[in-house]
Visitor: 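Take a look at this one; I'll ask things after.
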Number of protein chains: 2
Amino acid sequence: MPSPSQAPAAAHPPLQPQPTSLRASLHDRGQRLTPQRQRVLGLFEGLGEGRHLSAEEVHQRLLGAQARVSLATVYRTLRLLSSMGLLQELELPEGGRRFELAGDAHRDHHHLVCVRCGRTEEFENPQVLAAGEAAASGHGFRLVECVLNVRALCPGCIAND
Amino acid sequence: MPSPSQAPAAAHPPLQPQPTSLRASLHDRGQRLTPQRQRVLGLFEGLGEGRHLSAEEVHQRLLGAQARVSLATVYRTLRLLSSMGLLQELELPEGGRRFELAGDAHRDHHHLVCVRCGRTEEFENPQVLAAGEAAASGHGFRLVECVLNVRALCPGCIAND
DNA sequence: CCTTCTCAATAGGCCTTACTCTTGAGAAGC
DNA sequence: GCTTCTCAAGAGTAAGGCCTATTGAGAAGG
């Protein structure tokens, strides 16, 4: 068995959990998480800042990435993700319709969680994003998003200690 | 319905996912993840550095935290967690047996994951730990561990882009 | 040309069932 | 006194069934 930390040569690339929890968003609408939907969204997440793609481009890139997704599904998925607010539709005057990732806002969005009672606080910290950028570029990666999970004891549980 | 981000008044405190994935470790041994096991391990994680507890102390603290766990289960669980290497047994000359969290080593242990192909790299960065400490103390929390997940595109996928 | 629709085949995921690991209480061991 | 054992009740979770959302291929619409 090959090392689980390495990329497979080809075939079906493994899928990663989505940041916004695509799973949950779909679930709320009574819809299902499928490999195709994950791949389309993942494709946009992997793009550099502000880049947009047409349906045909999405289709071609997925085929190039060894992910067999039909064109009809690409169109359906783009429409779905747009209606969910995850993608934004652009109407370029010259070309046709294009899509880009919506809400590229909080790329560093962190959590402080009490290990005892579960209380959760959120915070932001640009230094964390900087550390993420450093680690990414240090390994030749291009950063998409970074999330810091701080496990801790909250004031109430410390008092109760 | 109360805010999900706040600690419940009492009763059964919610449980958090374990860092080392207690779930997986148990599963490999054909054993199950139970609230009692999570609570005992969580109790040790919430302790300050190098602190140790006797079985009776564990029992009392759990009762104090509104977690009804029988003494027999405390003993069984301490033995189990020790055999799994998550706790370490101390034989103090004066008192009786005591336990402490083993491998308090990597409290800042981070991941770089390719959103396209799933390739994963690990790295460490003391600045992240510092940011975690800052966030924790800023909110009155006491840090236990912090994990940074950097979602990115790996060199191979960038080339294939 | 670009996009949506049709429809049979596929598969995500909820639910139920069953198995056996765990727990709680108290007795027993050391 | 501290720790482990006994055993019936309880609960985690793997497996299988089922329902229906989703997909792929190609035709149809604009």
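Proteins come first, then strands; the chains are lettered A, B, ... in the order of their sequence lines, and each starts at number 1. None of these values were measured; they are calculated from a predicted model.
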Visitor: At less than 4.0 Å, is any side-chain N or O atom of A:R32 found next to OP1 or OP2 of D:dT23? Yes or no.
Guide: no
Visitor: Over how many whole Å does the gap from A:L71 atom CG to C:dC2 atom P extend?
Guide: 10 Å
Visitor: Report yes or no: do B:S82 and B:R79 form a side-chain donor-acceptor pair below 3.5 Å?
Guide: no
Visitor: Okay, side chain of B:R37, backbone of B:R32: is any donor-acceptor separation there less than 3.5 Å?
Guide: yes
Visitor: Roughly how far, to the nearest 0.5 Å, is CZ of A:F99 from CD of A:Q88?
Guide: 11.0 Å
Visitor: Any side-chain heavy atom of B:L90 sitting closer than 4.5 Å to one from B:R97?
Guide: no
Visitor: Any N or O donor-acceptor pair linking the side chain of B:R37 to the base of D:dG12 at under 3.5 Å?
Guide: no
Visitor: What is the distance from CE of B:M84 to C1' of C:dC21, rounded to the nearest Å?
Guide: 14 Å
Visitor: Given that A:A72 and B:L26 both sit by DNA chain C, which one's nearest nucleotide is further toward the 5' end?
Guide: A:A72
Visitor: Can you check whether A:T34 has a side-chain N or O nearer than 4.0 Å to OP1 or OP2 of C:dA11?
Guide: no
Visitor: Round to a whole Å and report the spacing from CG of B:L80 to C1' of D:dC5.
Guide: 17 Å
Visitor: Of A:T73 and B:Q31, whose nearest nucleotide on DNA chain D comes first from the 5' end?
Guide: B:Q31
Visitor: Looking at B:Q36, I'd like to know whether one of its side-chain N or O atoms comes within less than 4.0 Å of OP1 or OP2 on C:dG24.
Guide: yes
Visitor: OP1, OP2 of D:dT13 versus side-chain N and O of B:R23: anything below 4.0 Å?
Guide: yes
Visitor: Treating Ile, Leu, Val, Met, Phe, Trp and Tyr as nodes and any side-chain heavy-atom pair under 4.5 angstrom as an edge, say whether A:V113 and B:F141 lie in one connected cluster.
Guide: no
Visitor: C:dT3 phosphate, OP1 or OP2: any side-chain N/O from A:R97 under 4.0 angstrom?
Guide: yes
Visitor: If you pin A:T77 and B:E56 to their nearest nucleotides in DNA chain D, which one's is more 5'?
Guide: B:E56
Visitor: Output the rounded distance in Å from CD (B:Q38) to C1' (D:dT13).
Guide: 14 Å
Visitor: Does B:R68 have a side-chain nitrogen or oxygen under 4.0 Å from the phosphate oxygens OP1 or OP2 of C:dG24?
Guide: no
Visitor: Distance check needed: D:dG26 C1' versus A:Y75 OH, whole Å only.
Guide: 15 Å
Visitor: Expressed in angstrom and rounded to an integer, what is the separation of B:F99 atom CZ from D:dC2 atom C1'?
Guide: 12 Å
Visitor: Separation of B:L78 atom CG from D:dT4 atom P, in whole Å?
Guide: 9 Å
Visitor: How close or far is atom P of D:dC2 from atom CZ of B:R79, stated in whole angstroms?
Guide: 18 Å
Visitor: Is the distance from OP1 or OP2 of C:dG12 to the nearest side-chain N or O of A:H27 less than 4.0 Å?
Guide: no
